[in-house]
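Each ligand, and each atom within it, is numbered from 1 in the order the structure gives. Starting from 1, each residue takes its place in the sequence as its number. Heavy atoms only: backbone and side chains are in, while hydrogens, waters and symmetry mates are out. Since this is a predicted model, take the numbers as computed values, not measurements.
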Amino acid sequence: MNFAAARRNMVERQVIARGVTDPQVIAAMLEVPRHLFIEEALRAQAYGDAPLPIGQRQTISQPYMVASMTEALCLRRHDQVLEIGTGSGYQSAILAKIVRRVLTIERIPELARQARRVLDATGCGNVQIRVGDGTLGWPEEAPFDAIIVTAGAPTIPDEYRRQLAIGGRLVIPVGDRSSQMLLRVVRTGEANYREESLLGCRFVPLIGEHGWGNEGNGL
Ligand code: SAH
């Protein structure tokens with residue numbers, strides 16, 4: 001299988017054709033080898049238009065979702081970004097190609113370990129991974145120019161608003177356990193936030209102190 005050709009095709013048909021225009025997002029998606037973030041048995045599907053299982057009942061997001069969320073963050077090269085839900089590490093790698101520094105939190109240690117291996121193998125040394133409850137954010141490293149949450153939350157944890165720099169952008173799916181609305185919150189001043197709805201989506205639940213309980217997840 002020609003992965004580079006499959007990747008170009010993915011970017012043209014799933015990303016550009018659906019309206020993503022940010023050149024940094026397009027370049028990052030052309031560059032990052034998505035198939036390396038997926039177990040070997042599923043690699044032939046790596047550039048398909050769908051999320052895929054990554055073990056531990058979690059998923060790597062659909063490429064279009066990764067592209068639109070990244071575009072919605074309005075990133076600049078010198079930004080420091082916080083990601084919640086490292087999962088496979090693919091979204092972290094996309095961010096790492098665009099910005100100076102990425103901090104990412106994953107609650108499942110096995111996923112964090114595997115993501116670290118692939119991020120090192122793909123030249124993403126500017127990603128720092130922490131194992132823990134991402135609903136608390138990463139207060140010691142705040143403020144963040146952008147925060148991206150890649151699991152569905154019941155409400156927006158206050159910690160994220162507090163840890164945004166002024167001018168900072170938060171992108172987060174909010175709704176019930178199976179379907180959500182992707183929201184963007186921009187911190188426009190010390191105590192001012194602007195909030196807008198972007199698109200409907202389906203993420204695995206954000207589990208933690210300011211998220212969902214872990215019933216039914218067995219972890
Ligand atoms: N960004 C990932 C998507 C992974 S799916 C990728 O590109 O592959 C969402 C991830 O969020 C899962 O790995 C899940 O374990 C993790 N997660 C759920 N609740 C969390 C929490 N409170 N803190 C950190 N990670 C969490």
Report task. Quick one: look at E106 and ligand 1, take heavy-atom pairs under 4.0 Å, and tell me if it's side chain, backbone, both or neither. Result -> both
Report task. Please work out whether any backbone atom (N, CA, C, O) or any side-chain heavy atom from C-beta onward of T86 is under 4.0 Å from ligand 1, and answer side chain, backbone, both or neither. Result -> backbone
Report summary line: Closest to atom 22 (N) of ligand 1 among protein heavy atoms sits I207 O, 2.7 Å
Report task. For atom 18 (C) of ligand 1, grab the closest protein heavy atom and report residue, atom and distance to one decimal in Å. Result -> P205 O, 3.6 Å
Report task. Do me a favour and list the nearest non-hydrogen protein atom to atom 3 (C) of ligand 1 with residue, atom name and distance? Result -> T59 O, 3.5 Å
Do any side-chain atoms of residues 3-11 form donor-acceptor pairs under 3.5 angstrom with protein atoms, and if so which ones, sequence neighbours left out?
residue : atom : partner : partner atom : Å
R7      : NE   : L30     : O            : 2.9
R7      : NH1  : Y47     : OH           : 2.8
N9      : OD1  : R13     : NE           : 3.3

Query raised in the report: What part of L206, side chain from CB on, backbone N/CA/C/O, both or neither, has a heavy atom under 4.0 Å from ligand 1?
Result: both
Query - Residue selection (non-hydrogen contact nearest atom 6 (C) of ligand 1) among G208, G132, S88, G152 - result: S88
Query raised in the report: Tell me: protein heavy atom nearest atom 7 (O) of ligand 1, and distance?
Result: Q91 N, 3.2 Å
Query raised in the report: At their closest point, which heavy atom of V20 faces which heavy atom of A67, and how far apart are they?
Result: CG2-CB, 4.1 Å
Query raised in the report: Does Y160 reach the main-chain N or O of L170 with its side chain, forming a donor-acceptor pair under 3.5 Å?
Result: no
**Report entry** N126 side-chain N/O to A96 backbone N/O, donor-acceptor pair under 3.5 Å
**Finding:** yes
Report task. Answer yes or no for E83: is there a heavy-atom contact with ligand 1 below 4.0 Å? Result -> yes
Query raised in the report: How close do G85 and T150 get, heavy atom to heavy atom, and via which atoms?
Result: O-OG1, 2.8 Å
Query raised in the report: For V186, what residues pass the side chain to side chain contact (heavy atoms under 4.5 Å, CB included) criterion, not counting sequence neighbours?
Result: R169, R184, T188, R194
Report task. May I ask you to identify the nearest protein heavy atom to atom 25 (N) of ligand 1, giving residue, atom name and distance to one decimal place in Å? Result -> R107 N, 3.2 Å
Report task. Please write down residue, atom name and distance for the protein heavy atom closest to atom 9 (C) of ligand 1. Result -> T150 O, 3.3 Å
Query - Atom of A28, atom of I94 and distance for their closest heavy-atom approach - result: O-CD1, 3.7 Å
Requested in this report: Using non-hydrogen atoms of the residue, decide whether A115 is closer than 4.0 angstrom to ligand 1.
Outcome: no
Query raised in the report: Do the charged groups of E141 and R130 touch, with an N to O distance under 4.0 Å?
Result: no
Report summary line: The reported gap from CG in L73 to CD in E83 (rounded to nearest 0.5 angstrom) is 10.0 Å
Report summary line: Within the 4.0 Å heavy-atom cut-off, what S92 brings close to ligand 1 is neither
Requested in this report: Tell me which one of R34, Q58, M65 gets a heavy atom nearest to atom 12 (C) of ligand 1.
Outcome: Q58
